[in-house]
Each structure stands twice: as C-alpha cells, then as structure tokens.
Amino acid sequence: MDSPVVVVGGSGRVGRLMVKKLLARGESVHVIGRSAHRARRHLPAGAAFHRGDVRVAESLGRVLMRSSAVIYCVEPGTDESGPDRPETTLHIGVRHVLDAATAAGGHPHVVLVSQIHATHHGHPFNAYGRVLDWRLAGEEAVRESGLPYTVVRPGWLTDEPVAGPRVRLEQGDRGDGQVSRQDLAEACVQALYCPSASGVTFELFNEAGPAPTSWEGLYAALEWDPAPVG
Ligand SMILES: NC(=O)c1ccc[n+]([C@@H]2O[C@H](COP(=O)([O-])OP(=O)(O)OC[C@H]3O[C@@H](n4cnc5c(N)ncnc54)[C@H](OP(=O)(O)O)[C@@H]3O)[C@@H](O)[C@H]2O)c1
C-alpha cells in the first residue's frame, strides 16, 4: 500500500498479531493505543506507536489522515456508566476514528473487529453496559461511512485454534463458537488485500478441517451488505 496502515488497538493480543503480519508484507504500520508501556512491551521494532485514546478525538493526531487502511480492534470497558462504559469505545471511539481518517479527504479501507451476537439485544452478554447494542452501533457507523469496509464478527477468542484449523464464515448472526486470535488477525489483514472482502459483514469461527488456502474465495462466497438507507 502506498501509505500507512493504522491498527487502533494494535498493542493488544489480536492487534499485535495483525501488526506482525502487516510488517511481514512490507507495510508501514502505525499503532494507536493509550499505554506506551504496553506498546514497548508488545510491539515489534518496525511498528510506529502513537499514544491516543479513541474516546478523546483530539488525541488521535494526524496519522489517521494519511492512512490507506485502518483496522479497529479496541477492547471495551464494561462499566454501566462513565468513561469506561462500552459506548465510549465501541461507538463514540469508532466515530472519532472515522472522522479523523476522513478529515483531510482520506478514503481508507476500514476493518472493524466486532463480535458475534452484536444483533441480539436480549443476549445475556448485553447486560454488561449494553455492550452488544454499542457494538452494533459501531458497525452501523462503519457501514454508513461511505468508505470501503469489512466488519468481522469473531466468535469467542482463543489463543490456539482449539475447534480446528478450518475457518468458517457465516452471515446473519445466528451462530456461536470459537475462533483463534491468529485466524481473526489473518482474516482482518487478508480483508485489505482481497477485493471481495469490501462491503461485507460476517461471523468467523474455527472448525475441524484443513486451514484456508484462499481467503479471496472465502470472501467471494459472502453476500454484500444491503446499501445503507438515506
Ligand atoms: N475475548 C473474546 O472472546 C472476544 C470475542 C469477540 C470479540 N472480541 C474483541 O476482539 C478485539 C480484540 O481483542 P484482544 O483480545 O486483542 O483485546 P486486548 O488484548 O484487550 O487489546 C485491546 C487493545 O485495545 C486498546 N485500547 C483499549 N481501550 C482503548 C482506548 N480507549 N483507546 C485506544 N486504544 C484502546 C488496548 O491498548 P491500551 O490499553 O494501551 O489503550 C489494546 O491494545 C476486542 O475488540 C474484543 O472486544 C473479543
């Protein structure tokens, strides 16, 4: 890509796997996060770190303005109210990042890490600060942004592909299961290079069977999201 890829939350457990994959592809990789200590501890030498908090628009700086792609994988707080309620990172923070990335006319591909059950208002997980409602609101902000995008809804994250190395992509938010952080990171990075990953929302799981050989083929089998109304 001809300008940097920004990974918001790139010092986290999934984010740092994405950073390594992007560096291995020769990309210029910039990471946004709150903790310089965490970044020093977990980021490879080739990644540039920018201290910023998605909840505070002014902290995001200029790096997003000249990005060719943005991956958003921020872990929410679970407080009922206050700055660590899920709304602040899952919706307000997403909007801040979209605004910063487009402020100077930028048109990056945005990959959003969401989660399964985002459309299930009545799911018990939603009791934690309406985390699922705010996930969906963040997804909708991305889908309505006018930017090329991919929304990934991973199943419950594991550090190994315990359910098996095959990946299964679904749509309609009906499934449940697990997926490894490695496969989530790979899905997000591949989405930037596979044309058919643009304009889709899908769930991601591991299962028994062989590991994927063609992500473009997996993405090409998905339905595009309906065009936003209005
Ligand atoms: N655990 C699961 O089963 C599961 C299932 C589905 C989806 N997910 C989602 O998958 C994503 C990645 O998970 P993970 O395991 O990689 O999480 P993680 O290890 O906790 O990493 C989260 C990252 O978010 C950054 N972050 C948190 N608040 C921030 C803020 N206000 N501004 C900027 N950066 C912020 C953190 O850095 P700083 O602390 O330095 O800011 C860190 O780099 C998350 O969105 C998670 O909710 C998880």
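Each ligand, and each atom within it, is numbered from 1 in the order the structure gives.
- Ligand 1 places these atoms under 4.0 Å from at least one heavy atom of Gln115: 6 (C), 7 (C).
- Side-chain atoms of Phe49 and Ile32, non-hydrogen and from C-beta on, never get closer than 4.5 Å to each other.
- Checked by atom type and distance alone, the side chain of Thr150 pairs as donor or acceptor with a backbone atom of Ala197 at under 3.5 Å.
- Within the listing of ligand 1, atoms 10 (O), 11 (C) sit less than 4.0 angstrom from a heavy atom of Val113.
- For Ala39, the closest heavy-atom approach to ligand 1 does not fall below 4.0 Å.
- For atom 36 (C) of ligand 1, the nearest non-hydrogen atom of the protein is Arg38 NH1, 3.9 Å.
- Ligand 1 has Gly52 within reach: a non-hydrogen atom of the residue lies less than 4.0 Å from it.
- Protein heavy atom nearest atom 5 (C) of ligand 1, with residue, atom name and distance: Gly155 O, 3.5 Å.
- The contact set between ligand 1 and Ser114, taken as ligand atoms under 4.0 Å from a residue heavy atom, comprises 7 (C).
- Among the atoms of Pro154, none of the N or O lies under 3.5 angstrom from an N or O of ligand 1.
- Residue-to-ligand polar distances keep Thr89 apart from ligand 1: every N/O pair is separated by 3.5 Å or more.
- Using a 4.0 Å cut-off between a side-chain N of Lys or Arg and a carboxylate O of Asp or Glu, Glu87 and Arg85 qualify as a salt bridge.
- Salt-bridge check for Arg55 with Asp84: passed, with a basic side-chain N closer than 4.0 Å to an acidic carboxylate O.
- A donor-acceptor pair is defined here as one N or O able to donate and one able to accept, closer than 3.5 Å; such a pair exists between the side chain of Asp173 and the backbone of Thr119.
- Using a cut-off of 4.0 Å between Lys/Arg side-chain N and Asp/Glu carboxylate O, Arg153 and Glu139 are scored as salt-bridged.
- Protein heavy atom closest to atom 9 (C) of ligand 1, with residue, atom name and distance, is Arg135 NH2, 3.6 Å.
- A distance below 6.0 Å separates the ring centres of Phe125 and Trp156.
- A donor-acceptor contact shorter than 3.5 Å is absent between the side chain of Glu207 and the backbone of Arg168.
- Residue Glu144 places its CD atom among more than 12 non-hydrogen atoms of other residues, nucleotides or ligands, all under 6.0 Å distant.
- Looking at Arg34, His37, His96, Glu75 and measuring to atom 30 (C) of ligand 1, the nearest heavy atom belongs to Arg34.
- Ligand 1 lies out of reach of Gln178, whose nearest heavy atom is not under 4.0 Å from it.
- A salt bridge links Arg181 and Asp159; the closest N-O separation between the charged side-chain nitrogens and carboxylate oxygens is under 4.0 Å.
- Glu186 has a carboxylate O that lies under 4.0 Å from a charged side-chain N of Lys21, or vice versa, which qualifies the two as a salt bridge.
- The atoms of ligand 1 that sit less than 4.0 Å from any heavy atom of Pro76 are 47 (O).
- With hydrogens left out, the protein atom closest to atom 25 (C) of ligand 1 is Gly9 CA, 3.8 Å, a heavy atom.
- Close approach of ligand 1 to Arg55 (heavy-atom distance below 4.0 Å) involves ligand atoms 31 (N).
- Annotation for ligand 1: atoms under 4.0 Å from non-hydrogen atoms of Trp156 are 3 (O).
- Protein heavy atom nearest atom 31 (N) of ligand 1, with residue, atom name and distance: Asp53 OD1, 2.9 Å.
- The closest protein non-hydrogen atom to atom 16 (O) of ligand 1 is Val14 N, 2.8 Å.
- Of the protein's heavy atoms, Leu157 CG, 3.5 Å lies nearest to atom 4 (C) of ligand 1.
- Remark: ligand 1 and Val74 share an N or O pair separated by less than 3.5 Å (distance only, no angle test).
- Contact atoms of ligand 1 toward Arg181: 15 (O) (distance under 4.0 Å to a heavy atom of the residue).
- In terms of polar-atom proximity, defined here as any N/O pair under 3.5 Å, Gly10 makes no such contact with ligand 1.
- Among protein heavy atoms, atom 37 (O) of ligand 1 sits closest to Ser11 OG, 3.6 Å.
- A distance-only check finds no donor-acceptor pair linking the side chain of Gln171 to the backbone of Glu203 [under 3.5 Å].
- Taking each heavy atom of Gly129 and Glu80 in turn, the nearest pair found is N-OE2, 3.4 Å.
- In this structure, Arg25 places its CZ atom where more than 12 heavy-atom neighbours from other residues, nucleotides or ligands lie under 6.0 Å away.
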